[in-house]
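Notes follow the structure.
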Amino acid sequence: KDLGYVGVAEKRKRWYVKSPTFSFTKLTGLDVVLSPEMKSTGEAIGYDYSLNRALYKSLKASGIRVANYGTIFATIADPDKDAALPLIRRFYNLGFNIEATKGTAKFLKEHGIKTRVRGKISQGSEEILDSIKKGYVTYVLNTTSEGEKQNIDGRLIRRAAIDNNVAVFTCLDTVKVLLDVLEEITMGISVIDKE
């Protein structure tokens, strides 16, 4: 802000995007929720003539597996549900399968998104962890309420995702950036109306 930039800068001839890298895979047992005292262990850069292609290159270079198909597993804190809805709808419109814990699934279904319910770990179910470990999940979206004590389920889900090379997103702003990239690299399908 002190340099006069707020939001996305004006269009340039070439875009340069830096993404932080974190060594969560090397730090076994550590929760992957970012906190103010955490620092990245490096950064990757992507550049291109298009902002979204530069973002794509930066995400790939930072080690995030970027796929434009598959399954999203979502467990969203109540205060974030309204903000997460249009993002999850964008995944749904791209053709992703949606899986969620009971509360998140109920909310998504109420808003017209077909969602498969997965049982909670704390209630004795291994469905979520098995799905992640077997490679059925492409992205994990997991938000927590500010001040909320990090629950065991969320910690286990995030850790399983990291241990199995599944991208975990705890910040909806980052999910929006990923979706911008996916929408640019994904070929859309349209139906021809017979009228």
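If you're wondering where the values come from, they're calculated on a predicted model, not measured in any experiment. Numbers for residues simply follow the sequence, beginning at 1.
- Counting all heavy atoms, side chain and backbone alike, Thr138 lies closest to Gly70 at OG1-CA, 3.2 Å.
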Salt bridge (charged side-chain N to carboxylate O under 4.0 Å, His left out) between Arg14 and Asp48: does it pass, once the steps are laid out? CA-CA 6 Å; Arg14 188 174 272 213; Asp48 206 296; over 6 Å; no
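- The environment of NZ in Lys81 is crowded: more than 12 heavy-atom neighbours from other residues, nucleotides or ligands sit within 6.0 Å.
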Between Thr186 and Tyr69, does the side-chain contact (heavy atoms from CB on, under 4.5 Å) criterion hold? Intermediate values first, please. CA-CA 9 Å; Thr186 303; Tyr69 61 90; over 6 Å; no
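- Ser125 has its side chain out of reach of Arg118: every pair of non-hydrogen atoms, C-beta onward, lies at least 4.5 Å apart.
- Taking 4.5 Å as the limit, every side-chain heavy atom of Thr75 sits out of range of all side-chain heavy atoms of Leu141.
- Using a cutoff of 4.0 Å between basic side-chain nitrogens and carboxylate oxygens, Asp130 and Lys133 are not scored as salt-bridged.
- Across all non-hydrogen atoms, the minimal contact from Lys57 to Gly46 is CB-CA, 3.9 Å.
- Formation of a donor-acceptor pair under 3.5 Å by the Arg116 side chain with backbone atoms of Ala105 is not found in this model.
- The backbone N or O of Ala67 lies less than 3.5 Å from a partner atom in the side chain of Tyr139, making a donor-acceptor pair.
- Between Leu87 atom CG and Arg89 atom CZ the span is 11.0 Å, to the nearest 0.5 Å.
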Would you mind writing out the side-chain donor-acceptor pairs for residues 173-182 within the sub-3.5 Å range, not counting sequence neighbours?
{"unit_1": "Lys176", "atom_1": "NZ", "unit_2": "Asp180", "atom_2": "OD2", "d": "3.0"}
{"unit_1": "Asp180", "atom_1": "OD1", "unit_2": "Arg90", "atom_2": "NH2", "d": "2.7"}

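- Across Ser122 and Asp153, no two heavy atoms sit closer than the pair N-OD1, 3.0 Å.
- Using cut-offs of 30° and 60° on the angle between ring planes, the pair Phe96 and Phe91 is perpendicular.
- Without hydrogens or angle criteria, Asn164 side chain to Ile132 main chain gives no donor-acceptor distance under 3.5 Å.
- Grouped by direct or indirect side-chain proximity (heavy atoms under 4.5 Å, Ile/Leu/Val/Met/Phe/Trp/Tyr only), Ile45 sits with Tyr16, Tyr47.
- At distances below 3.5 Å, at least one donor-acceptor pair connects side-chain atoms of Thr143 with backbone N or O atoms of Ala77.
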When you look at Leu172 and Asp80, which way does the side-chain contact (heavy atoms from CB on, under 4.5 Å) test go after all the steps? CA-CA 8 Å; Leu172 296 177; Asp80 297 325; 4.2 Å; yes
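- The hydrophobic cluster containing Ile72 also contains Ile185, counting ILVMFWY residues as joined when their side-chain heavy atoms lie under 4.5 angstrom apart, directly or transitively.
- Using a 4.5 Å cut-off between side-chain heavy atoms of Ile, Leu, Val, Met, Phe, Trp and Tyr, with links allowed through other members, Val117 and Leu156 fall into different hydrophobic clusters.
- By the 4.5 Å heavy-atom criterion applied to side chains, Lys114 and Ile98 are not counted as neighbours.
- With a 4.5 Å cut-off on side-chain heavy atoms, Trp15 and Leu55 do not count as touching.
- Between the side chains of Glu99 and Thr115, not a single donor N or O lies within less than 3.5 Å of an accepting N or O.
- Looking at Thr170, its side chain never comes within 3.5 Å of a backbone N or O of Asn142 through a donor-acceptor pair.
- Tyr136 and Val66 end up in different hydrophobic clusters when Ile, Leu, Val, Met, Phe, Trp and Tyr side chains are linked at under 4.5 Å.
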Between Leu85 and Leu108, is a side-chain contact (heavy atoms from CB on, under 4.5 Å) present by the stated rule, with each step listed? CA-CA 7 Å; Leu85 179 63; Leu108 295 174; 3.9 Å; yes
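- Not a single donor-acceptor pair under 3.5 Å links the side chain of Thr101 to the backbone N or O of Gly103.
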